[in-house]
S.K.: 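One structure, as structure tokens, below. Some questions next.
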There are 2 protein chains.
Amino acid sequence: MPDGSLTQTQKALITLRQRILGGALSGGTRLFEVALADELQISRTPIRAALSRLAEEGLLERGKGGGFVVRSFALADVVDTIDLRGVLEGTAARYAAERGAPAAALAKAQLVLRDIDRVICQQVIDMEAYSALNTVFHGLLADMAQSPTLARELARITALPFASPSAFLEDHERLETLQRILTVAQAQHRAILDAIANRESGRAESLAREHARAARRNVEFLLSQEAALREGVSSLALLAE
Amino acid sequence: MPDGSLTQTQKALITLRQRILGGALSGGTRLFEVALADELQISRTPIRAALSRLAEEGLLERGKGGGFVVRSFALADVVDTIDLRGVLEGTAARYAAERGAPAAALAKAQLVLRDIDRVICQQVIDMEAYSALNTVFHGLLADMAQSPTLARELARITALPFASPSAFLEDHERLETLQRILTVAQAQHRAILDAIANRESGRAESLAREHARAARRNVEFLLSQEAALREGVSSLALLAE
DNA sequence: AATTACTGGTATGTATACATTCTGCGAAGC
DNA sequence: GCTTCGCAGAATGTATACATACCAGTAATT
């Protein structure tokens with residue numbers, strides 16, 4: 001639990017977020033200000049601020065007569081959220097193609113893809129590096145759409161751990177499987193960029209949607225495994241039973 | 001300014017929301033807790049809570065070192081947001097078609113369309129009644145998708161006054177123009193419902209997107225008018241200069 | 001002259017006492 | 001037996017005093 005020069009609100013925010021995402025607080029659990037204040041040794045005011053921001057992030061819901069409840073995510077919600085990301089990224093790709101992406105962004109995206117190539121051809125894949133690069137690529141896609149509104153909503157969705165573009169990748173056991181998945185994803189990245197560069201908006205949209213669909217297949221695969229295997233999937237810790 | 005048995009937070013929330021939507025606070029304006037507390041005769045704590053919720057609604061943004069700033073909406077943002085609603089409603093319609101909408105919802109939607117018919121064939125159109133029915137119809141569409149995630153995001157977007165399904169309709173001067181617009185919209189409603197009932201997902205999605213496009217055309221038309229005419233368009237009061 | 005360090009003012013952050021409201025349970029009344 | 005009233009407690013809502021952090025303006029030092 002970090003304690004640098006953070007404000008009390010930030011400390012509470014980090015701790016509580018961690019607990020929710022980590023599954024320590026299961027969906028439907030009501031959070032009481034006094035109890036939390038007592039436990040975390042922080043006064044009610046910053047606790048309240050933290051709860052409010054968690055509601056803003058979509059991890060909590062406001063109860064009827066005040067109060068906050070941990071939002072519960074069912075499998076169907078996870079799948080829907082990933083698909084929704086696909087829809088939004090599809091729209092971003094379409095906008096980028098229709099409006100014409102800035103040459104600088106396109107060039108940068110090409111460089112990122114080159115870097116990703118370098119990472120995935122290694123014998124031991126550095127997943128942290130891949131995730132970082134993948135996130136940058138998807139961020140560039142959002143930028144190329146030149147729509148702050150869309151970028152905002154995409155950021156909101158992506159903030160949920162299971163909807164992030166790099167979710168569920170670190171959880172594949174076999175190297176071959178992982179390498180195959182990443183190779184296909186990279187081909188999709190190239191195709192999306194190509195469609196945008198050629199101003200093929202329909203193609204760009206479809207490809208981006210399909211790209212997210214791969215993430216959905218990943219979840220469905222992981223959930224078809226034995227429960228024991230699912231234990232380690234940190235992105236799914238907050239799933240309801 | 002209402003004062004029933006509302007909490008201070010609610011009062012502050014309502015007042016501030018009204019000011020932002022009404023354009024009394026232009027985009028980029030920073031809101032200071034103390035100043036607001038002093039002016040509204042409410043202590044800082046509920047002011048803070050209200051500001052936090054307005055940030056959640058998307059009307060305010062959090063500044064770098066704390067503090068809140070009124071979000072500024074340019075014309076491009078309005079257009080993008082309406083299109084985004086189209087994308088989301090398109091997705092809702094597609095889901096409804098793919099998953100199969102509950103018979104009860106379909107029947108209810110048919111009834112609503114019947115009611116809308118009755119409203120728009122009048123000599124003097126009761127716009128309040130139309131807006132209410134139109135909102136119900138769009139709400140049913142969101143329900144038929146059977147995706148809480150999607151419904152949530154749709155509700156978020158629709159909360160912005162210029163992105164609501166019924167925005168900009170009350171601002172048409174000539175009766176014939178209004179009647180033509182509503183007639184076309186109603187035809188689109190029917191087509192969307194038909195596509196959903198027939199499980200034609202692609203058609204349903206395209207139609208719902210096009211339906212939102214009509215709202216976009218409305219904005220663009222209104223903004224092409226003289227500034228004097230735009231004065232009365234309440235949904236656009238918060239637009240940046 | 002440029003830079004830095006001080007300082008006053010103003011902003012948000014925090015703690016806490018007090019107010020209010022809601023809820024669940026139990027007893028009284030129908 | 002069921003409803004309703006009311007009470008107790010526990011929760012959130014509110015006010016406010018105090019702490020801290022940030023910024024700008026100014027003066028001192030290099």
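Below, each value reflects all heavy atoms present in this structure, side chains not excepted, and no hydrogens, waters or symmetry copies.
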S.K.: Considering only distance and modelled atom types, tabulate donor-acceptor pairs under 3.5 Å from the side chains of residues 151-161 of chain B, sequence neighbours left out.
M.R.:
unit_1: Arg152(B); atom_1: NH1; unit_2: Glu61(A); atom_2: OE2; d: 3.3
unit_1: Arg156(B); atom_1: NH1; unit_2: Glu56(B); atom_2: O; d: 3.1
unit_1: Thr158(B); atom_1: OG1; unit_2: Leu154(B); atom_2: O; d: 2.7

S.K.: May I have the distance from Leu51(A) (atom CG) to dA11(D) (atom P), rounded to whole angstrom?
M.R.: 14 Å
S.K.: Using a cutoff of under 3.5 Å, can you pull out all pairs of nitrogen or oxygen atoms linking the protein to nucleotides 14-16 of chain C, with atom names and distances?
M.R.:
unit_1: dT14(C); atom_1: OP1; unit_2: Gln8(A); atom_2: N; d: 2.3
unit_1: dT14(C); atom_1: OP1; unit_2: Thr9(A); atom_2: N; d: 3.4
unit_1: dT14(C); atom_1: OP2; unit_2: Thr9(A); atom_2: N; d: 3.4
unit_1: dT14(C); atom_1: OP2; unit_2: Thr9(A); atom_2: OG1; d: 2.3
unit_1: dA15(C); atom_1: OP1; unit_2: Gln8(A); atom_2: NE2; d: 3.2
unit_1: dA15(C); atom_1: OP2; unit_2: Ser43(A); atom_2: N; d: 2.9
unit_1: dA15(C); atom_1: OP2; unit_2: Ser43(A); atom_2: OG; d: 2.8
unit_1: dA15(C); atom_1: O5'; unit_2: Ser43(A); atom_2: OG; d: 3.4
unit_1: dA15(C); atom_1: N7; unit_2: Thr45(A); atom_2: OG1; d: 2.8
unit_1: dT16(C); atom_1: O4; unit_2: Thr45(A); atom_2: OG1; d: 3.3

S.K.: For Ile47(A), answer base if it contacts any base atom (sugar-phosphate contacts may also be present), sugar-phosphate if it contacts only those atoms, and nothing otherwise; contact means non-hydrogen atoms under 4.0 Å.
M.R.: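 Nothing, no nucleic acid heavy atom in range.
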S.K.: Roughly, in whole Å, what's the span from CZ in Arg53(B) to C1' in dT12(D)?
M.R.: 13 Å
S.K.: What does Arg30(B) touch in the nucleic acid at a heavy-atom separation under 4.0 angstrom: a base, only the sugar-phosphate, or nothing?
M.R.: sugar-phosphate
S.K.: How many whole angstroms separate atom CG of Asp38(B) from atom C1' of dT10(C)?
M.R.: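 For the pair Asp38(B) CG and dT10(C) C1', the rounded distance is 14 Å.
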S.K.: Which pairs would a plain distance check flag for residues 107-114 of chain B, meaning a side-chain donor or acceptor within less than 3.5 Å of a matching protein atom at least two apart in sequence or in another chain?
M.R.:
none

S.K.: Could you check how far NZ of Lys64(A) sits from C1' of dT23(C), rounded to whole Å?
M.R.: 9 Å
S.K.: So, Ser131(A) and Glu128(A): side-chain donor and acceptor under 3.5 Å apart, yes or no?
M.R.: no
S.K.: Rounded to the Å, how far apart are Phe32(B) CZ and dT10(C) P?
M.R.: 12 Å
S.K.: Provide, to the nearest angstrom, the distance between the CD atom belonging to Glu33(A) and the C1' atom belonging to dC18(C).
M.R.: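 Whole-Å distance recorded here is 15 Å.
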S.K.: With side-chain hydrogen bond (donor to acceptor under 3.5 Å, both in side chains) as the rule and sequence neighbours excluded, what pairs involving residues 45-54 of chain A come up?
M.R.: Glu33(A)-Arg48(A), Ser52(A)-Arg62(A), Ser52(A)-Ser52(B)
S.K.: Could I get the full list of ring-ring contact (aromatic ring centres under 6.0 Å, His included) partners for Phe162(A), not counting sequence neighbours?
M.R.: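 Counting only residues at least two positions away or on another chain, Phe162(A) forms a ring-ring contact (aromatic ring centres under 6.0 Å, His included) with Phe73(A).
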S.K.: Under the rule for ring-ring contact (aromatic ring centres under 6.0 Å, His included), what residues qualify as partners of Phe137(A), not counting sequence neighbours?
M.R.: His189(A)
